[in-house]
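The structure under discussion appears below in the form of structure tokens.
In the text below, chain A, chain B and the rest are named by the order of the sequence lines, each starting its count at 1.
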2 protein chains.
Amino acid sequence: MSRPSSKDTILDAAESVVRESGAVHMTLDAVAERAGVSKGGLLYNFPTKESLLEAMIARQVGRCEANRAEAEEKAGGDPTVKLRSYVDTALQLEGGMRETCAPLLAAGANNPKLLDPVREHYRKLIAELQDPAINFDDAMVVMLASDGLWLLEMLQIFPLDDAQRARLHAKLLALSDQTVQKRK
Amino acid sequence: MSRPSSKDTILDAAESVVRESGAVHMTLDAVAERAGVSKGGLLYNFPTKESLLEAMIARQVGRCEANRAEAEEKAGGDPTVKLRSYVDTALQLEGGMRETCAPLLAAGANNPKLLDPVREHYRKLIAELQDPAINFDDAMVVMLASDGLWLLEMLQIFPLDDAQRARLHAKLLALSDQTVQKRK
DNA sequence: GAAACTTTACCGGCTAGACGGTTTTCTACC
DNA sequence: GGTAGAAAACCGTCTAGCCGGTAAAGTTTC
């Protein structure tokens, strides 16, 4: 790692290109130019376009995980915290997140292999929810609803106004809390 | 309408190509060949590739609507029927539905315009749920959870075993029923 | 001086769409 | 009802542009 940030510079550039034109139009030439690197230099760091996309998705997942880790740290050992932080993470689409994620979602839908980091993320999350203090099915519903909302906003299927959105958010958090009492 | 089914034949062909190679690799040549039509003939019916994709998505949405309409007809005027039929429709991914929908989802994520028929579908559904007998927020959660499950299975993020899936399905239906009593 | 890194120049393949021509179907008129 | 002419449907080819990836020749760093 003599030039520590070469890969990161390229990933930043790729993200900004994706944000502007979508993953389909993300060409190696465009990314290289944006990164201030030649095409050969780009391919030295990421031997194939697929490997570049994979790294982009992995980085995005990493951001979500960092988000959640931070939220959990703030909130001690309460088992519903995991769920609450998941809801929060799914619902906060800040700073061009949508523009970045939608094309990556598209790329992932076309090439399942790209989504491996996401799969791993879910695997861990579900393992965490296998907690005797939590009603698993209830927790799943909350998780799935968060994902559904994430999807619909990502695809701009319907634009919720702030009030509706806040109500839904609150409702999902309330349901998160309920999962912990309900053990049969 | 001398040749009534020319467009449908092409759409069938396009679907089968998509199912095999994904929307990205769905080339006009491939579709034309599969449909037993020349490229010129294809472009006569669908002037651009985009218009073809749009028609494919519209047809898929139409199928879902037909599904729901049928379910609702069977079940009289109970207001939760709408929600129950939505859950059922979202959860039944039969006969290559996944292989067809995932690439279309990808195409839609890249080109928001393609999703217009989907937007319209949701608009109608949400209008239907604005029923004084139904707790709207509860209904939304059920709807979103169905969509979330649909997404995760579509992307093969995690494969539920039949038992888990059936439990979740039952739970979502139960929640559908609850939306009708809970009015504050 | 060798290994890591970067550049420039280039290639081969693919694809959307245009275009000019051909066949089939419809319409109208005698 | 037959024929002519218009319109619709369809065909096959061509092409310009793009894009991922290679190859070989520098350049920097240790």
Side-chain angles (χ1 to χ4, degrees), chain A residues 1-58 103-104 106-115, chain B residues 1-59 103-104 106-114:
Chain A
M1 289 228 192
S2 48
R3 302 277 175 75
S5 59
S6 192
K7 279 192 162 66
D8 279 327
T9 307
I10 291 171
L11 285 175
D12 289 339
E15 239 170 54
S16 86
V17 170
V18 158
R19 229 174 290 136
E20 286 167 26
S21 347
V24 181
H25 303 293
M26 181 193 94
T27 67
L28 296 185
D29 291 280
V31 175
E33 191 189 343
R34 184 69 58 97
V37 159
S38 76
K39 196 174 179 178
L42 166 60
L43 283 164
Y44 178 80
N45 287 283
F46 299 97
T48 68
K49 190 181 187 179
E50 191 183 26
S51 72
L52 175 59
L53 279 167
E54 216 175 320
M56 293 173 74
I57 290 178
L104 291 180
N110 279 308
N111 182 351
K113 185 171 175 268
L114 294 177
L115 294 177
Chain B
M1 291 230 196
S2 47
R3 303 277 176 75
S5 58
S6 191
K7 278 193 165 64
D8 279 327
T9 308
I10 290 172
L11 286 174
D12 289 339
E15 238 170 54
S16 87
V17 170
V18 159
R19 227 174 292 135
E20 285 167 26
S21 352
V24 181
H25 304 293
M26 181 193 91
T27 67
L28 295 185
D29 291 281
V31 174
E33 190 190 344
R34 183 71 57 98
V37 158
S38 77
K39 197 170 180 178
L42 167 60
L43 284 165
Y44 176 82
N45 287 283
F46 299 97
T48 66
K49 191 179 186 180
E50 191 183 25
S51 72
L52 175 59
L53 280 167
E54 215 173 322
M56 292 174 74
I57 290 178
R59 194 164 78 153
L104 291 180
N110 279 310
N111 183 351
K113 186 172 174 268
L114 294 177

B:L52/B:I10 under side-chain contact (heavy atoms from CB on, under 4.5 Å): CA gap, chis, key distance, verdict: CA-CA 9 Å; B:L52 175 59; B:I10 290 172; 4.2 Å; yes
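Residue B:S38 places no side-chain N or O under 4.0 Å from the OP1 or OP2 atom of D:dT13. Look at A:Y44 and you won't find any side-chain N or O under 4.0 angstrom from OP1 or OP2 of C:dT6. Look at A:N45 and you'll find a side-chain N or O under 4.0 angstrom from OP1 or OP2 of C:dT6.
B:A23 approaches B:A107 most closely through the heavy-atom pair CB-CB, 4.5 Å.
B:R34 has no carboxylate O lying under 4.0 Å from a charged side-chain N of B:E15, or vice versa, which leaves the two without a salt bridge. Between B:D12 and B:K7 there is no salt bridge, since none of the side-chain N atoms of the basic residue sits less than 4.0 Å from a carboxylate O of the acidic one.
As a whole-Å value, the separation of B:F46 CZ from D:dC10 P is 11 Å. Atom P of nucleotide D:dC19 and atom CG of A:L52 are separated by 15 Å, given to the nearest angstrom. The separation between B:E33 atom CD and D:dC10 atom C1' is 17 Å, rounded to whole Å.
At least one side-chain heavy atom of B:L43 sits less than 4.5 Å from a side-chain heavy atom of B:L28. A:H25 places none of its side-chain heavy atoms less than 4.5 Å from the side chain of A:V18.
Put simply, the side chain of A:S16 gets close to the backbone of A:A13: a donor and an acceptor are under 3.5 Å apart.
Comparing the end axes of the helix from C:dG1-D:dC30 to C:dC30-D:dG1, each fitted to five base pairs by superposing C1' atoms of four pairs onto the next four, gives an inter-axis angle of 10° (nearest 10 degrees).
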Heavy-atom protein contacts under 4.0 Å, nucleotides 15-22 of chain C, coded B base, S sugar-phosphate only, - none: SBB-----
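Residue pairs meeting the salt bridge (charged side-chain N to carboxylate O under 4.0 Å, His left out) criterion with at least one member in residues 44-58 of chain A, sequence neighbours excluded: A:E54-A:K113.
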